[in-house]
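For clarity, every value in this text was computed on a predicted model and none was experimentally measured. Just so you know, ligand 1 is whichever comes first in the structure, and atom 1 is the first atom listed for that ligand. FYI, the numbering just counts along the sequence from 1.
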Amino acid sequence: MAEVDHRVQEIARRIKKMKIRGAGRIARSAAKALLVTAQQSKAKDPSALYCELEASARLLLSTRPTAVSLPNSIRYVMLKVREAQKSSMELEDLRQLTIATANKFIQSSARAIERIGEIGAKRIEDGDTIMTYCNSAAVTAILKAAFEQGKRLQVFVCETRPRFQGRVTAKTLGSIGIPTSLIVDGAIRFFMTKVDKAIVGADAVAANGAVVNKIGTSMVALAAHESRALFFVAAETYKFSPETMLGQLVEIEERDSSEVISVRGLKKMLNTTVRNPAFDVTPPEYVDLIVTEKGIIPPQAAIMVIQEEFGSIAAEELMEYQTCRLVDED
Ligand code: RUB
């Protein structure tokens, strides 16, 4: 396997350590890493460049298992590059094609978030009270667009233990000028009675419309269901998982116990281990609609999005670029 450029290794490390986080940002950073690989490559022929890109792709795929935006962004670049390499493209052309394709993904991802903001804002009413969970650029885009249209909003943001991404959301919404209340996750049901709509992002949307998002999201959905509040998901189409159409399950990442309690603190507890899954699955029955950049769909239509976006990719190519686990070196 070719050696991976140190800048790409650094991007992979930052994704793994959650310095780069959120499914959309992870996907754009992976595309950027492939772009950097092409830019920095000293390869002497197209197949050597392709090998370097493959090595970068494998490392990136090993960073975080749940966000399917990651393999989707890598497939977007790599399948195009592979086709070109097979058709004997010259080295310099292959390099430029890689850079252009990665840039195209990055730009269309940023544009998708803007469109989700515009489309989703139409479903927000003046005076709405909204609950959100974790930190999602797509959700923020909707709330920002609705607020900028002059709609009065009140937002409850859940802290989102153990990494407190809700604090980031509260800070962002507050700085835009949206009246924001930061609440502990245990207060979700307590405040849900005041909420009109809960809106969350997604790390993956399965073919059956189930939504994978930050651990605790399904509790928000359950409480919203009980209170008859609407439950919206904001997800770019590259977060839909084509693998689930082949019967694959989305892997739920389980993270280190030290995110929940210090190693010293845990040592003082007898017969206690920590479980720390990073994501959970909200069944489609609890999802009222999914806002994508192509329009609003019911969760039952997720399979059509997958067919439209990824239907042309052969099953073996899908299986080839999947998240994987490397032996953890740290
Ligand atoms: C982030 C998370 C976000 C989704 C969507 O988890 O669950 O809700 O990734 O975010 P983590 P976005 O912090 O573990 O990456 O809309 O920004 O893609």
Side-chain angles (χ1 to χ4, degrees), residues 11-32 60 63-73 105-106 108-121 130-145 155 157-173 185 188 198-206 210-221 231-241 250-256 259-260 276-282 287 290-293 323:
I11 294 174
R13 193 191 67 80
R14 284 171 60 78
I15 295 175
K16 196 167 180 172
K17 296 288 172 202
M18 290 178 68
K19 303 277 182 229
I20 297 171
R21 43 148 301 279
R25 239 181 116 216
I26 290 171
R28 287 189 294 282
S29 301
K32 178 79 193 290
L60 293 158
T63 53
R64 290 198 76 189
T66 304
V68 301
S69 53
L70 174 62
N72 279 342
S73 76
F105 180 86
I106 294 166
S108 68
S109 160
R111 178 74 194 123
I113 296 169
E114 253 176 63
R115 276 298 290 151
I116 286 175
E118 291 159 11
I119 295 169
I130 290 160
M131 184 177 284
T132 190
Y133 196 77
C134 197
N135 176 242
S136 155
V139 173
T140 301
I142 294 177
L143 298 176
K144 186 168 181 276
V155 182
V157 180
C158 311
E159 274 185 320
T160 318
R161 281 272 296 155
R163 304 279 302 215
F164 298 106
Q165 288 94 330
R167 292 180 186 171
V168 180
T169 306
K171 207 168 162 196
T172 307
L173 298 181
D185 301 336
I188 289 171
I199 314 182
V200 301
D203 278 77
V205 180
V211 172
V212 182
N213 193 49
K214 182 53 55 191
I215 188 80
T217 300
S218 67
M219 290 193 307
V220 177
F231 187 83
F232 292 179
V233 175
E236 303 90 302
T237 50
Y238 57 78
K239 294 183 182 159
F240 286 63
S241 167
V250 176
E251 184 183 338
I252 301 292
E253 174 183 11
E254 182 138 2
R255 297 187 63 86
D256 201 78
E259 290 188 344
V260 178
N276 185 23
F279 300 95
D280 69 14
V281 182
T282 300
V287 178
I290 305 175
V291 186
T292 79
E293 74 278 16
T323 52

What pairs with F105 under ring-ring contact (aromatic ring centres under 6.0 Å, His included), at least two apart in sequence or on another chain? Y76, Y238
We want to know whether D203 and T66 form a side-chain donor-acceptor pair, criterion being a heavy-atom distance below 3.5 angstrom. no
When you check the side-chain N and O atoms of R167 and N135, is any donor under 3.5 Å from an acceptor? no
Knowing that exactly one of R28, E293, R25 qualifies, which makes a side-chain hydrogen bond (donor to acceptor under 3.5 Å, both in side chains) with S109? R28
Using the salt bridge (charged side-chain N to carboxylate O under 4.0 Å, His left out) criterion, which residues pair with R64? Sequence neighbours excluded. E253
Mind checking salt bridge (charged side-chain N to carboxylate O under 4.0 Å, His left out) for E259 and listing every partner two or more places apart, or none if nothing turns up? R163, R255
For ligand 1, what are the residues with a heavy-atom contact below 4.0 Å? M18, R21, G22, A23, G24, R64, C134, N135, S136, A137, A138, Q165, A202, D203, N213, K214, K239, F279
